[in-house]
Structures are given as structure tokens and as C-alpha cells.
Student: 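Sharing a structure with you now.
Along the sequence shown, residues are numbered consecutively beginning with 1.
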Amino acid sequence: MGLFDTDNSNREEARFAFGRNWQRYLRSVGEADYRRAMQSLTASIANGDPGNASFLDIGCGSGLMSAAAHRLGYGRVVSFDYDADSVAATKQLHAAQNSPVNWTVQQGSVLDHGFMGALGKFDVVYSWGVLHHTGSMWAAIDRALEAVKPGGCAFLALYNDQGWISRYWTHVKRVYVHATRPVRALLLGTFYAYFGVGLFLADVLRLNNPLRRHIGDRRGMRFLFDVVDWVGGYPFEVTSPDRMVKYAGERGFRATCVRNVGRRHGCNEFLLVRIP
């Protein structure tokens with residue numbers, strides 16, 4: 001599995017191989033990453049006693065946030081991903097936690113009504129940076145919200161709508177997943193340099209440690225793997241904070257945008273509490 005892998009066995013339906021990126025990421029995961037992931041969950045979700053709560057991780061990716069939920073003491077943790085390599089990565093972390101019986105890992109799609117219905121309802125539904133990569137974002141959001149118990153919450157991170165810039169990124173990502181390995185290598189190198197220099201200067205001007213994003217951000221993620229995901233992450237859809245808050249509100253959720261990236265690239269984060 002190389003750095004530039006993508007699942008393009010059917011070029012008309014090509015999508016980025018997220019799980020292969022996450023498997024490479026796991027090679028460098030340590031205790032500091034677990035701690036940051038746990039702190040991120042604690043800061044994002046206020047839902048009473050985790051020991052009495054259930055946690056659903058939609059699009060579990062590396063499995064790090066599921067492991068964090070388990071370590072925080074959630075009574076039941078369920079992780080699933082559409083990507084078989086992501087499922088394998090999460091199972092690797094599951095085994096590293098001595099294979100707890102109250103944490104299960106499955107392969108499935110958030111767009112599959114039968115699969116989602118069989119999982120049941122959860123106190124916390126978590127999906128960071130996933131639903132906009134399904135190819136049917138609003139249907140995926142609906143399925144995620146339907147999995148929340150009355151009084152429970154969903155914490156979703158969705159790509160910010162930047163207008164023409166978002167359309168440009170859609171084109172870049174589509175080109176990447178259909179491209180040859182040399183072209184993918186060129187795209188990654190170009191954007192790694194572009195983001196690397198820009199974010200380094202931004203960190204220096206803000207008096208932040210410019211190495212922090214390379215050794216683990218607030219969620220335990222690393223810059224190199226994020227760039228691969230940014231450039232290759234296709235399918236790709238976006239929404240604005242106002243539209244998402246309104247959409248969730250119409251479906252019986254008290255919605256707040258807890259992180260608004262403004263006009264910048266990245267994900268807005270939403271805490272959505274289901275009104276009993």
C-alpha cells in the first residue's frame with residue numbers, strides 16, 4: 001500500500017482509499033494521541049456519565065476516537081466504516097485495548113437503512129469529517145440523526161461551503177482519484193508544500209508551535225495524513241453553518257455550531273441535541 005493509493009477499480013465510481021491512509025497513520029500512534037483524542041471528545045460532548053451512555057462512531061477511520069470513547073468509559077461503543085481498510089485499522093486498535101466486549105467494530109454504510117436500523121439508537125452519535133464523503137451527504141446526515149436517542153446528541157464535522165473554492169476542491173479531488181500515480185504524487189507534493197508553508201507562517205504569527213500539527217493536533221491527527229485526505233478525499237460535498245443548523249432544527253434538534261471556520265478551508269463542527 002503506497003502513499004498515493006486510491007480505489008479506482010471502477011474509474012466512473014472511483015473514491016479515495018481513506019482506510020489505507022489511516023493504516024499508515026496508526027504506525028505512529030501513541031499514548032499522547034489517545035490523550036488528545038479523549039480531551040477532544042470531552043470538550044466536544046457533554047452528555048452526563050459516559051458509563052451509562054452508548055456511543056456510535058460513524059466512519060471510524062483509524063479507530064482513534066472510538067478507542068478514546070472506550071477509554072473514557074462509555075458503556076457501549078459501536079464503530080463502523082464503509083472502507084474495509086478502515087475497519088481493519090479500527091480492529092487493530094480494538095485488539096490493542098484487549099478486545100473489550102462492550103466495543104464492537106463492523107463494516108457497513110451509513111446510507112444502508114437496514115444496517116443503520118439494526119444498530120439501534122445511541123446517546124451519542126459521532127461522525128467527524130465523514131458524511132460529506134459518502135456521495136449523498138444529506139441522506140447520510142438524516143441516517144446519522146435518526147440514530148440519536150431522544151435527549152441524546154450528534155456531533156458532526158462537515159466541510160465548509162466556500163463557494164467557488166469548494167467547487168475548485170471538488171475538481172482537484174476528482175482529478176486525484178482518477179489520476180495515474182505520478183500525477184497523484186505531483187498533486188500531493190504541490191499541496192503539501194503549499195499548506196505546509198502557509199500554515200507554518202500562520203502558526204509563527206499567532207505564536208503557536210508550528211510543529212504541533214506534525215506531531216498531533218487537538219484530535220491526535222497529523223499534518224501529513226491530513227494533507228493526503230484533503231487532496232484525495234472524494235466524493236466531496238459541503239454545507240454552510242447556517243444551512244446545517246436550520247436543517248437539523250427542522251428535524252427536531254437543538255443545533256449549535258461549536259466551531260465555525262468562517263471563510264476558511266476545513267470543517268465546521270456541530271453539536272446537535274435531539275429534543276425529547
Student: Hey, does the side chain of N160 reach the backbone of G262 with a donor-acceptor pair shorter than 3.5 angstrom?
Tutor: yes

Student: Step through the shown structure and confirm whether more than 12 heavy atoms of other residues, nucleotides or ligands are within 6.0 Å of CZ on R174.
Tutor: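 Buried by this count: over 12 neighbours within 6.0 Å.
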
Student: Are any of the side-chain heavy atoms of I58 and L131 separated by less than 4.5 Å?
Tutor: yes

Student: With sequence neighbours excluded, tell me which residues meet ring-ring contact (aromatic ring centres under 6.0 Å, His included) with F122.
Tutor: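 With sequence neighbours excluded, F122 shows a ring-ring contact (aromatic ring centres under 6.0 Å, His included) to no residue whatsoever.
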
Student: Partners of L111 by side chain to side chain contact (heavy atoms under 4.5 Å, CB included), sequence neighbours excluded?
Tutor: S109, T134, S136, A139, A140

Student: Determine the minimum heavy-atom distance between C257 and N268, stating which atoms define it.
Tutor: SG-CB, 4.2 Å

Student: Can you name the residues that form a ring-ring contact (aromatic ring centres under 6.0 Å, His included) with Y168, not counting sequence neighbours?
Tutor: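 If we apply the ring-ring contact (aromatic ring centres under 6.0 Å, His included) test to Y168, skipping adjacent residues, there are no hits.
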
Student: With distance as the sole test, does S44 use its side chain to make a donor-acceptor pair with the main-chain N or O of L41 at under 3.5 Å?
Tutor: no

Student: Can you name the residues that form a salt bridge (Lys or Arg N to Asp or Glu O under 4.0 Å) with R251, not counting sequence neighbours?
Tutor: D142

Student: I'd like to know if the side chain of D123 and the backbone of C153 have a donor-acceptor N/O pair within less than 3.5 Å.
Tutor: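 A pair under 3.5 Å: no.
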
Student: Keeping the roles fixed (side chain from E269, backbone from V258), state whether a donor-acceptor pair exists under 3.5 Å.
Tutor: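 Side chain of E269 to backbone of V258: no pair is present.
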
Student: Filter on salt bridge (Lys or Arg N to Asp or Glu O under 4.0 Å), then keep only pairs touching residues 92-101, sequence neighbours left out; what's left?
Tutor: none

Student: Can you find a heavy atom in the side chain of I141 that is under 4.5 Å from one in the side chain of L158?
Tutor: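 Yes; the side chains approach each other to less than 4.5 Å.
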
Student: Show every salt bridge (Lys or Arg N to Asp or Glu O under 4.0 Å) that has at least one partner inside residues 150-173, sequence neighbours left out.
Tutor: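 Those involving residues 150-173 do not exist here.
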
Student: Would you please name every residue forming a ring-ring contact (aromatic ring centres under 6.0 Å, His included) with Y159, sequence neighbours left out?
Tutor: H132, H133, F236, H265

Student: Can you list the residues that meet the ring-ring contact (aromatic ring centres under 6.0 Å, His included) rule with Y247, with sequence neighbours excluded?
Tutor: W138

Student: Kindly say whether L186 contributes a backbone atom to a donor-acceptor pair with the side chain of T190 at under 3.5 angstrom?
Tutor: yes

Student: Mind checking what makes salt bridge (Lys or Arg N to Asp or Glu O under 4.0 Å) contact with R143, not counting sequence neighbours?
Tutor: E146

Student: What residues form a side chain to side chain donor-acceptor pair (under 3.5 Å) with S79, not counting sequence neighbours?
Tutor: S66, W103

Student: Do any pairs count as a salt bridge (Lys or Arg N to Asp or Glu O under 4.0 Å) and have a residue in residues 102-122, sequence neighbours left out, and if so which ones?
Tutor: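 Output for this query is empty, none listed.
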
Student: Are side-chain heavy atoms of F80 and L56 found at a separation under 4.5 Å?
Tutor: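 Yes; the side chains approach each other to less than 4.5 Å.
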
Student: M137 and V148: same hydrophobic cluster, using ILVMFWY side-chain contacts below 4.5 Å?
Tutor: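 Result: yes, single cluster for both.
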
Student: For residues T180 and V183, determine if any side-chain heavy atom of one lies less than 4.5 Å from a side-chain heavy atom of the other.
Tutor: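 A side-chain contact exists here, since the closest heavy-atom pair is under 4.5 Å.
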
Student: Looking at side-chain heavy atoms only, is the closest gap between L156 and W128 below 4.5 Å?
Tutor: no

Student: Ignoring hydrogens and geometry, is there a side-chain-to-backbone donor-acceptor pair from T256 to L272 under 3.5 Å?
Tutor: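 No, T256 side chain to L272 backbone: no donor-acceptor pair under 3.5 Å.
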
Student: Say whether, by atom type as modelled, one donor and one acceptor occur between the side chain of D81 and the main chain of C60 under 3.5 angstrom.
Tutor: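 It does hold such a pair.
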
Student: Is M38 reachable from F155 through a run of I, L, V, M, F, W or Y residues, each pair having side-chain heavy atoms under 4.5 Å apart?
Tutor: yes

Student: Please list all pairs meeting side-chain hydrogen bond (donor to acceptor under 3.5 Å, both in side chains) that have one or both residues in residues 92-101, counting only residues at least two apart or in different chains.
Tutor: Y34-Q97, R71-Q97

Student: For D83 and G19, indicate whether the former's side chain and the latter's backbone hold a donor-acceptor pair under 3.5 Å.
Tutor: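 Answer holds: yes.
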
Student: If you define the side chain from C-beta out and look only at heavy atoms, does anything of R184 sit under 4.5 Å from V177?
Tutor: no

